[in-house]
Structure formats: C-alpha cells, structure tokens
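Structure first, then comments.
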2 protein chains.
Amino acid sequence: MRAATLTTKDKILQAAAEIAMEVGPVHLSLDAVARRAGLSKGGLLYTFPTKAKLLEALVEHHVAEFDESLRMQEARRNHKVNSVVQACIEVYRAEFVLNEPEPSGILAAIANDPSFIDPIRRYNKQLLDRMKENSEDPTMALIAFLTIEGLRSLKLLDMDTLTHEDQIAAIDGLRQLFAPCDPDKPSQPATG
Amino acid sequence: MRAATLTTKDKILQAAAEIAMEVGPVHLSLDAVARRAGLSKGGLLYTFPTKAKLLEALVEHHVAEFDESLRMQEARRNHKVNSVVQACIEVYRAEFVLNEPEPSGILAAIANDPSFIDPIRRYNKQLLDRMKENSEDPTMALIAFLTIEGLRSLKLLDMDTLTHEDQIAAIDGLRQLFAPCDPDKPSQPATG
DNA sequence: TTGACTTTACCGTCCGGACGGTACAGTAAA
DNA sequence: TTTACTGTACCGTCCGGACGGTAAAGTCAA
C-alpha cells in the first residue's frame with residue numbers, strides 16, 4: 001500500500017472504469033483491464049482474485065469517496081437546517097467544478113450483477129432519510145435529492161443532455177432553493 | 001404480424017428486458033432470451049438477425065413509448081406555459097400509478113455498446129429545450145427535468161430508495177411547483 | 001380447386017472465438 | 001525471505017452467429 005504514487009489497486013480500478021465507459025460494461029475483460037493498468041493478467045488476478053472482487057471494490061470506492069466528501073461538507077455546517085441537502089449540492093458542485101469525468105464503473109458492476117448495487121441502495125436510503133429529517137420541508141428535500149440524482153445519472157450514463165451553463169444554472173438554482181435565509185447569512189457562502 | 005396476441009417481437013423485447021434486469025445486462029444471452037420468449041434461438045435470430053439489432057429495438061421501443069405518452073399528455077394542454085413540464089410529470093405519474101415495473105432493457109443496450117444511448121441523448125436534449133422554451137423559469141424547468149430524470153434513473157437501476165409514499169410526495173410536489181396558477185384553473189386538474 | 005411456387009416463421013446443430021480462471025516458473029525490490 | 005508482481009501456457013465454458021432444414025400460410029395462374 002503505497003501513498004506517494006497511485007496504488008496498484010487504484011490504477012486497476014481506474015482502468016476498469018475507463019474501459020467500461022469506452023466499450024461498455026459487457027466488454028470489460030480482465031485482459032483489457034490488466035493491459036490498461038499496465039500490468040499482467042497474473043498481476044491483476046493477484047490483486048483482485050476474481051472479477052467479482054474487482055467490481056465490488058469499484059462500488060465500494062465510489063460510495064466511500066462520495067461519503068468522505070459529503071461528511072467534509074457537512075462538518076462545516078453544524079447540523080443546521082437543510083445542511084445535508086446543502087452539503088449534497090456542494091459535493092456535486094465540487095465534482096463538477098473540478099471537472100472530474102468520473103467514469104465510476106458502478107455501471108459495470110451493476111451490469112455484471114444487479115446485486116452489486118445493494119450497498120448504494122442502502123447508502124442512498126440512509127442519506128435520503130437524513131436529508132428529510134434535517135429539512136424544513138421533506139418534499140423539497142425529496143426534490144433536491146432527485147435533482148442531484150438526475151445530474152448524477154446523466155453523468156453515469158455519459159449524457160451531455162445539459163450544457164455546461166445548464167449544469168451551473170441547475171446547481172445555482174438548487175443552491176438558492178435551499179440557501180440559508182437567516183439574517184446572519186444574507187447571501188450564499190463563497191466557500192465553494 | 002398478428003395483432004390479437006403479443007407480437008413475437010414484443011415477446012422477445014420483453015423477455016430480453018426481464019432477463020437483463022434479473023441477471024444483469026452482461027449475462028443477457030440470446031439463448032436465454034429465446035427460451036424466455038418461448039422460441040428457439042434460430043427463431044430469435046430470424047426476428048432479430050443480430051444481438052445489436054435486438055438491443056437497438058429495445059432502445060427504440062423505450063423512446064417511442066415515452067414519446068407517445070408525452071405527446072398525448074401535451075395534446076390536452078395546448079402549448080400553455082409549463083405544459084411540457086407538466087406533461088412529463090404526468091407521464092411519469094401515469095407509469096407510476098399503473099405500477100409499470102419497466103424493465104426497459106436500455107441498460108442492457110448501453111452495457112453492450114455505449115453508443116446505443118445516442119438516440120436517447122438526442123431525444124432528451126430536444127425535450128429539455130422544449131421544456132425550457134415553454135417555461136417561465138428555465139432554471140426551474142431544468143430542476144423539473146432533473147427531478148424526473150432522478151426518478152427514472154432510480155427505476156432504471158431498480159433502486160427502491162424512495163418508498164411508495166415518497167414517490168407520491170415527490171410527484172405531487174413537482175405538480176404543485178408547476179401547477180397552473182391562473183385564476184381560471186384554481187387547483188390541479190383531476191384528469192390524472 | 002388444384003398444383004406450383006413463394007414467403008413467413010420458425011427449429012436444431014455446429015463452430016470459432018472470447019473470456020474467466022488456474023497453474024506455475026521466474027524476478028526484482030525491500 | 002517475503003511481497004508483489006511478470007509472463008506463459010492452458011482449460012472449460014459460454015456465446016454469437018452462420019447455416020441448413022421445414023412446416024404452414026398465402027398467391028396465383030390454368
């Protein structure tokens with residue numbers, strides 16, 4: 001487990017996600033992943049003993065990354081009203097601003113076995129509950145959740161339905177809908 | 001081409017979509033589809049000469065069905081403001097109320113070849129444009145589009161993140177956000 | 001209305017290739 | 001000496017698709 005350069009595991013995960021997005025999850029072969037990651041098939045099988053383990057890791061990695069970003073955003077908003085929704089918006093916004101192409105590879109996992117989605121299912125359910133609890137208007141929390149889910153799904157499927165400007169407009173629109181309207185915070189925070 | 005009972009083509013399409021959702025698009029084999037549809041592999045290949053043609057038909061079918069429903073909903077709302085957004089909401093609502101499980105199979109198509117998504121890409125782009133043009137507030141149109149896209153993606157991935165009540169709440173919430181607030185139409189139409 | 005022919009809608013078999021996974025010998029750094 | 005691989009060779013299975021056949025339904029002239 002090195003830290004300076006990209007871990008072998010990370011290289012493999014990234015390669016797998018890229019290939020899946022390029023040629024489609026069906027044609028995601030271990031041979032191709034190994035080649036793209038710059039190691040042999042033996043080396044790949046050494047790191048991930050089966051294809052299923054690789055796909056599982058893909059999903060785990062995706063959830064873990066999102067959760068980490070979310071908790072960071074939440075931390076700076078001490079459980080105030082709408083803070084979970086706001087944090088979600090900001091996580092998506094940060095991804096978008098950094099222009100992460102995010103070929104997450106979860107599509108590949110699901111395509112191989114629908115049950116790989118279970119962790120995401122659980123995570124999202126829990127996240128939505130927290131959003132609703134923390135919000136003034138549970139229905140608006142739902143809509144916020146779904147809007148972000150919509151944005152994420154478009155990215156997941158590599159759809160350029162929204163232009164860059166549209167995406168900014170959507171994010172800003174969401175932000176305003178859930179902006180803190182307290183007098184002590186007259187406008188949106190410029191924290192990003 | 002009979003009309004009384006389900007067409008062979010439709011049976012195949014349905015079988016393919018079902019299998020894809022059950023075992024994952026990767027394991028969608030022509031043999032399995034043929035078996036499920038109640039014919040031989042030869043018969044299947046007679047109807048769809050290649051797997052690609054089958055997947056293409058899956059996507060086409062999906063888009064065509066949605067478009068038909070949408071146009072019907074639009075027809076009863078003569079180009080009034082927000083009518084496109086409203087129509088979209090009602091189409092989703094109708095699907096939901098009828099409890100269509102919609103194993104649409106487009107995931108299978110995309111999984112086999114990402115370029116199969118192109119027709120959907122084009123369709124959605126055009127739809128979003130129409131939504132924005134037809135709406136008072138383009139940003140809110142965006143949010144409506146994304147919310148519905150969120151709902152659709154959850155269904156596409158077979159996610160039960162939202163309970164039945166949540167879905168109703170989300171749809172009703174959307175409806176209210178885009179309800180005609182003209183004096184001549186004081187409340188939501190009960191047309192459903 | 002019969003016989004000749006075409007079209008439609010399949011069936012069953014087979015083949016080549018791709019893929020997941022195994023086995024194992026070797027190697028270079030730490 | 002262990003860890004983290006490389007590289008090669010190979011196995012068994014599955015799958016897409018080609019192909020040859022066939023039974024029934026329709027067409028049409030005599």
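Lettering follows sequence order; numbering is per chain, from 1.
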key: Between P of dC15(D) and CG of Leu54(B), the distance in whole Å   = 15 Å
key: Interatomic distance, Leu45(B) CG vs dG21(D) P [rounded to whole Å]   = 18 Å
ask   = So does Arg152(A) pair up with Glu95(A), basic N to acidic O under 4.0 Å?
value = yes
inquiry  = So, using salt bridge (charged side-chain N to carboxylate O under 4.0 Å, His left out) as the criterion, who are the partners of Asp67(B) when residues are at least two apart?
reply    = Arg71(B)
note = In whole angstroms, the gap separating C1' of dA18(C) from NE2 of His27(A) amounts to 11 Å
query = Any sub-3.5 Å donor-acceptor pair from His62(A)'s side-chain atoms to Gly105(A)'s backbone N or O?
reply = no
message = As a test of reading the structure: which of dG21(C), dG20(C), dG17(D) is closest to the side chain of Thr50(A), going by heavy atoms?
response = dG21(C)
message = Distance alone, cut at 3.5 Å: any donor-acceptor contact between the side chains of Asp137(B) and Ser135(B)?
response = no
key: Base dG17(D) to side chain Lys41(B), donor-acceptor N/O within 3.5 Å cut-off   = yes
ask   = Do the side-chain N or O atoms of Tyr46(B) get closer than 4.0 angstrom to the phosphate oxygens (OP1, OP2) of dC10(C)?
value = no
note = Between NZ of Lys51(A) and P of dC14(D) the distance, given in whole Å, is 15 Å
query = Over how many whole Å does the gap from Lys53(A) atom NZ to dG20(C) atom P extend?
reply = 17 Å
request  = Output yes when at least one side-chain N/O atom of Thr8(A) is less than 4.0 Å from OP1 or OP2 of dC5(D), else no.
outcome  = yes
inquiry  = In this structure, how many angstroms lie between the P atom of dT22(C) and the CG atom of Asp31(A), rounded?
reply    = 14 Å
Spacing between Leu30(A) atom CG and dC10(D) atom P, to the nearest angstrom = 20 Å
task = Take Leu39(B) and Val26(A), find for each the nucleotide of DNA chain C with the closest heavy atom, and name the residue whose nucleotide sits nearer the 5' end.
result = Leu39(B)
message = Heavy atoms from C-beta onward define the side chain here; which of dG20(C), dT6(D), dC15(D) lies closest to that of Ser40(A)?
response = dT6(D)
ask   = Could you give the CG-to-C1' distance, from Leu44(A) to dT6(D), as a whole number of Å?
value = 13 Å
Taking distance alone, no hydrogens or angles, what donor-acceptor pairs closer than 3.5 Å link side-chain atoms of residues 29-39 of chain B to residues at least two apart or in another chain?
| from | atom 1 | to | atom 2 | distance (Å) |
| --- | --- | --- | --- | --- |
| Ser29(B) | OG | Ala32(B) | N | 3.2 |
| Arg36(B) | NH1 | Glu18(B) | OE1 | 2.9 |
| Arg36(B) | NH1 | Glu22(B) | OE2 | 3.2 |
| Arg36(B) | NH2 | Glu22(B) | OE1 | 2.8 |

